[in-house]
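The structure appears below as structure tokens.
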Number of protein chains: 2
Amino acid sequence: MRLSTKGRYAVTAMLDLAIHHGEGAVTLADISEAQGISLSYLEQLFARLRKNGLVEGIRGPGGGYQLSRPPTEISVAHVIDAIGEGVDVTLCGGKTDCQEGERCLTHELWQQLGGRIHEFLEGITLDSFLKRKNVNAVVRRQQNDLAVETPRLRKTVA
Amino acid sequence: MRLSTKGRYAVTAMLDLAIHHGEGAVTLADISEAQGISLSYLEQLFARLRKNGLVEGIRGPGGGYQLSRPPTEISVAHVIDAIGEGVDVTLCGGKTDCQEGERCLTHELWQQLGGRIHEFLEGITLDSFLKRKNVNAVVRRQQNDLAVETPRLRKTVA
DNA sequence: TATTTCCTGACTATTTTACTTGGTTATTAT
DNA sequence: ATAATAACCAAGTAAAATAGTCAGGAAATA
């Protein structure tokens with residue numbers, strides 16, 4: 001179990017898609033601009049999200065990405081798992097091979113904790129995340145601000 | 001909020017102290033040997049744990065570290081906070097300074113999630129962690145195995 | 001005094017993160 | 001057709017975090 005800024009990037013980007021779910025595709029360029037994340041870095045993250053079936057990419061003009069499932073069916077855990085965090089749970093499994101087999105039982109402890117955190121994150125869907133407070137409105141306002149600053153309007157927003 | 005192997009090291013080491021709470025001090029050398037963590041690395045971690053008042057160090061022969069509070073009053077969150085994980089919650093606060101002040105509101109979202117995970121970890125004490133299943137017995141058995149392998153017995157164990 | 005053990009600081013290697021560069025392919029609009 | 005758009009792909013780089021090393025203290029005990 002691992003949780004760092006990388007996961008945050010992925011989750012915030014997915015929230016962007018969740019907000020526009022049903023309104024067509026959102027381009028990575030837009031997300032990049034709106035959230036200050038490098039475009040190519042986003043591409044790398046979305047490659048994984050796509051391979052894990054969380055999003056689908058649409059090529060060509062008017063294309064972009066959209067959720068392949070409704071936001072009620074995508075959890076934060078899904079996102080974090082997809083980008084490759086939360087694989088190596090034991091300290092021994094990787095490089096320092098568990099010497100005796102019995103030695104590594106404190107790690108099993110940790111695995112329990114990791115499991116519980118995972119369950120916790122499974123319970124938080126993109127949808128439920130957005131529904132807290134007036135967050136949705138706030139994010140939309142951000143994007144309006146952006147649209148005013150830059151000549152470039154997001155196509156999917158009327 | 002960040003959760004990685006570093007925190008795991010600290011938590012497992014603290015569990016070791018929790019097991020021997022009330023039985024005297026445990027040396028870092030013992031923890032290092034038992035769990036395969038570099039001694040100097042442990043020293044760095046414990047420097048932070050000590051500065052945050054979670055443990056106290058006792059110098060000289062027969063010395064070592066012990067919890068400064070009972071295991072029922074130390075949470076996993078305490079440990080993780082102490083070693084410096086979970087400080088930089090916002091993406092903007094650090095280097096990429098938040099451009100407009102309004103722009104960074106998706107991060108506030110994430111802060112909510114980080115907060116909830118933190119609350120969750122606050123609810124897990126070292127004590128409750130050990131009481132799950134027969135874990136305590138297992139860890140003790142590990143240490144017996146160790147004692148048999150190496151001529152060096154842990155002093156604090158009768 | 002000698003040993004043990006904490007304590008400190010600085011330095012190194014590895015890994016991960018975040019980003020860059022330079023392309024290709026599919027799709028749409030002109 | 002052709003040009004523009006935007007997903008896709010691969011490789012390499014810079015900065016940071018992680019994990020560990022080294023070399024020496026300073027306090028307590030025997």
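Proteins come first, then strands; the chains are lettered A, B, ... in the order of their sequence lines, and each starts at number 1.
Rounding to whole angstrom units, CG of residue L45(B) and C1' of dT8(C) are separated by 15 Å. R8(A) places its CZ atom 12 Å from the C1' atom of dT17(C), with the value rounded to the nearest Å. In this entry the distance linking NZ of K6(B) with P of dA16(D) reads 15 Å, nearest Å. Following rounding to the nearest Å, L28(A) (CG) and dA6(D) (P) show an atom-to-atom distance of 10 Å. Atom-to-atom, CD1 of I37(A) to C1' of dT17(C) comes out at 13 Å; the value is rounded to the nearest Å. We find that CD1 of I83(B) is positioned 12 Å from C1' of dA19(D), with the value rounded to whole Å. Taking atom CD on E33(B) and atom C1' on dT5(C), their separation rounds to 15 Å, with Å as the unit. Rounded to whole Å, atom C1' of dT8(C) lies 16 Å from atom CG of L42(B).
Side-chain heavy atoms closer than 4.5 Å link hydrophobic residues (I, L, V, M, F, W, Y) into clusters, and following such links, possibly through other members, connects V76(B) to F120(B). Hydrophobic clustering (side-chain heavy atoms under 4.5 Å, transitive across Ile, Leu, Val, Met, Phe, Trp, Tyr) groups Y41(B) together with V55(B). Criterion: ILVMFWY side-chain heavy atoms under 4.5 Å apart, direct or through other members. Under it, I58(A) and L42(A) are not part of a common hydrophobic cluster.
When all heavy atoms are compared, the tightest approach of S38(B) to S32(B) is C-OG, 4.1 Å.
In the model, H118(B) has a side-chain atom that pairs as donor or acceptor with a side-chain atom of D81(B) under 3.5 Å. Between the side chains of D127(A) and H21(A), no donor-acceptor pair of N or O atoms lies under 3.5 Å.
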For a quick test of your reading: what N or O donor-acceptor pairs under 3.5 Å do the side chains of residues 60-72 of chain A make, sequence neighbours left out?
unit_1, atom_1, unit_2, atom_2, d
S68(A), OG, G53(A), O, 2.6
S68(A), OG, L54(A), O, 2.9
R69(A), NH1, E73(A), O, 3.1

With sugar-phosphate taken as primed atoms, P, OP1 and OP2 and all else as base, the protein-contact string of nucleotides 21-30 of chain D at under 4.0 Å (heavy atoms; B, S, -) is BB---BSBB-

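OP1 or OP2 of dC8(D) sits under 4.0 Å from a side-chain N or O of R50(A). OP1 and OP2 of dA17(D) both lie 4.0 Å or more from every side-chain N or O belonging to Y9(B). Between dC7(C) and Y65(B), a contact under 4.0 Å exists linking OP1 or OP2 to a side-chain N or O.
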